Number of protein chains: 2
Amino acid sequence: MEQKAKTARQRARAEITAEILQAARTRLTQAGPGELSLRAVARDVGMVSSAVYRYFPSRDDLLTALLIEAYDELGAAAEAADDAVADRDDAAARWLATCRATRTWAVEHPHDYALLYGSPVTGYAAPRDTIVPATRVIVRLVEIVMAAVAAGAIEPGTSDDEPHPFDPSVRGAVEAIRDLGGPSATEAPAELVGRTLMAWSTIFGTISFELWGHLVGSVSDHEEFFDGVAARLWTDLGLS
Amino acid sequence: MEQKAKTARQRARAEITAEILQAARTRLTQAGPGELSLRAVARDVGMVSSAVYRYFPSRDDLLTALLIEAYDELGAAAEAADDAVADRDDAAARWLATCRATRTWAVEHPHDYALLYGSPVTGYAAPRDTIVPATRVIVRLVEIVMAAVAAGAIEPGTSDDEPHPFDPSVRGAVEAIRDLGGPSATEAPAELVGRTLMAWSTIFGTISFELWGHLVGSVSDHEEFFDGVAARLWTDLGLS
DNA sequence: CAACAAACGAGAGCATTGCTCTTGCAATGA
DNA sequence: TCATTGCAAGAGCAATGCTCTCGTTTGTTG
């Protein structure tokens, strides 16, 4: 099925599809996802609006394609930042680098970030294709945490002594981490998994608050504040 | 200027304004802010679209009115939950109750929550009128924290020993808290203020992740998970 | 090579949106 | 009583997403 020798039409189709995506991406840098006009991107690529429907059945499908692209770009940026840390055993440094890269990408691509993590458009359910790229950042964060655990940093207490244990509620995440099949085949402790999810929520919350303007007047230097948050998140994980 | 005896026209205007707001509010329960159609709410109240412009100069002004109303409703719910805690000296219980009420309101009013804390509509800047009601929840949370401080729960370390101190970046919040003028006229320590802002970001992040579906597959019982998060946020504040 | 089918771009068209303008009616106040 | 003001209705404009049709081009098959 996958012919290497593509016909001219197939090549043209792939090129035009990419061209439309690129135009839509450019438009996204100037306006939010809700304002993305299919007719406008059609004009940008020199086509009539109805012609675009040959490539994307609807505006939502265009958004889905953009969604996947943006998720992958963010994931790649986060992973690259982690990979760039020289000392692979310094889990804290890796954590901070990955968190920072996430915020940096968000600040540089606010509308793409809004597309990924903003309030979803009504009636639009993200299809299956998006869930894998969507988890790249959190997966990498989990890998860093698990690497620290494998290196001997065992958390002291379990979740059982807490009045609100994470144990039953994060079972899905625990199983997902087991399925990841890292170097340590040991079960990830629920408390640590819950703490990691909590940290991820904090990262998202801090970035979104900054971008949506909810910290205006309270926080002056957002980068510095974020670094402080990320550092405390690591210590709060309860490792070592 | 503020006549108690209103003319029939003034009364009618107030009533119709409320009627429009109510209709818009109802529409918001079925669709997101971006999909709120001014013409549709006009139809709901039995008016022609142009007539609505006598009461709200633009769609954005309608959204602003809804914004203030929703902020106040959420703030009232959170404050009521805190006030309902019997033991006023149990700051942890008050914290948990306030956090829970915030989540409960969000779950019950997802579209209103999206209006408040979702990605903002492009080109729409929330006017001054909204900032006071917008801070009701975080103000109450700060009051609870400061009450605990006043009760003698002093945090052990300062932020200076941290590699990423909160100190300079949260000056605005520190001053805002001083202006609040609580029972304790003492300066709020930057570390504690930063921690409180961080906690508020986490609450927002956790609720938004739940509502926007970013925790599907990882968290099974959202209420239980949230309780665990809120409880850990309190201990992470570093009080007592 | 010829014939057929599929893909394609363009255009017209429909229903909808936010918003402006004009028109005529009704309530208000001197 | 009468001029002023507030108000609702309607038409209209520029957009939007999307559908349909109509020739034309491209690819495949007999």
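Within every chain, numbering begins at 1; the chains are lettered A, B, ... in the order of the sequence lines, protein sequences first and strands thereafter. Fair warning: this is a prediction, and the values are worked out from it, not measured in the lab.
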Is it the case that the base of D:dT25 and the side chain of A:R9 share a donor-acceptor contact (distance under 3.5 Å, atom types as modelled)? yes

Any donor-acceptor N/O pair under 3.5 Å between D:dA8 base and B:S50 side chain: no

Lys/Arg N to Asp/Glu carboxylate O, B:D236 vs A:R195, below 4.0 Å: yes

So, are B:E175 and B:R178 salt-bridged, with charged N and O less than 4.0 Å apart? no

In whole angstrom, give the distance that lies between atom [atom1] of [X] and atom [atom2] of [N].
X     : N      : atom1 : atom2 : value
B:I16 : D:dG6  : CD1   : P     : 15 Å
B:L36 : C:dT16 : CG    : C1'   : 15 Å
A:R39 : C:dG13 : CZ    : C1'   : 10 Å
B:Q10 : C:dA26 : CD    : C1'   : 17 Å
B:D44 : C:dT17 : CG    : P     : 11 Å
B:R11 : C:dT28 : CZ    : C1'   : 14 Å
B:F56 : D:dA8  : CZ    : P     : 13 Å

On DNA chain D, check which nucleotide each of B:V48 and A:A8 is closest to and give me the residue with the more 5' one.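 So the residue in question is B:V48.
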
If the cut-off is 4.0 Å, is [X] near the phosphate of [N], judged by side-chain N/O to OP1 or OP2?
X     : N      : result
A:R13 : C:dC8  : yes
A:R59 : D:dT16 : no
B:S37 : C:dG18 : yes
A:T7  : D:dG27 : yes
B:R43 : D:dA9  : no
A:Y53 : C:dG9  : no

For [X], report the nucleic acid contact type (base, sugar-phosphate, nothing); a contact means any heavy atom under 4.0 Å.
X     : result
B:Y55 : sugar-phosphate
A:L62 : nothing
A:S49 : base

What nucleotide among D:dG10, C:dG9, C:dA6 has an atom nearest to a side-chain atom of A:R54? C:dG9

When you measure from the side chain of B:L38, which nucleotide among D:dT16, C:dA10, C:dC19 comes out closest? C:dC19

Criterion side-chain contact (heavy atoms from CB on, under 4.5 Å) on A:R25 and A:E73, from CA distance to verdict: CA-CA 12 Å; A:R25 204 71 199 283; A:E73 197 177 294; 3.0 Å; yes

Is the positively charged end of B:R171 above the ring of B:F166, judged by distance under 6.0 angstrom from the centroid and angle within 45° of the axis? no

Contact summary for A:A188 and A:I177, nearest pair of heavy atoms: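 What the structure gives for the nearest pair is CB-CG2, 4.1 Å.
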
Heavy-atom closest pair, residues A:H164 and B:R232: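 Heavy atoms only, the tightest pair is O-NH1, 3.1 Å.
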
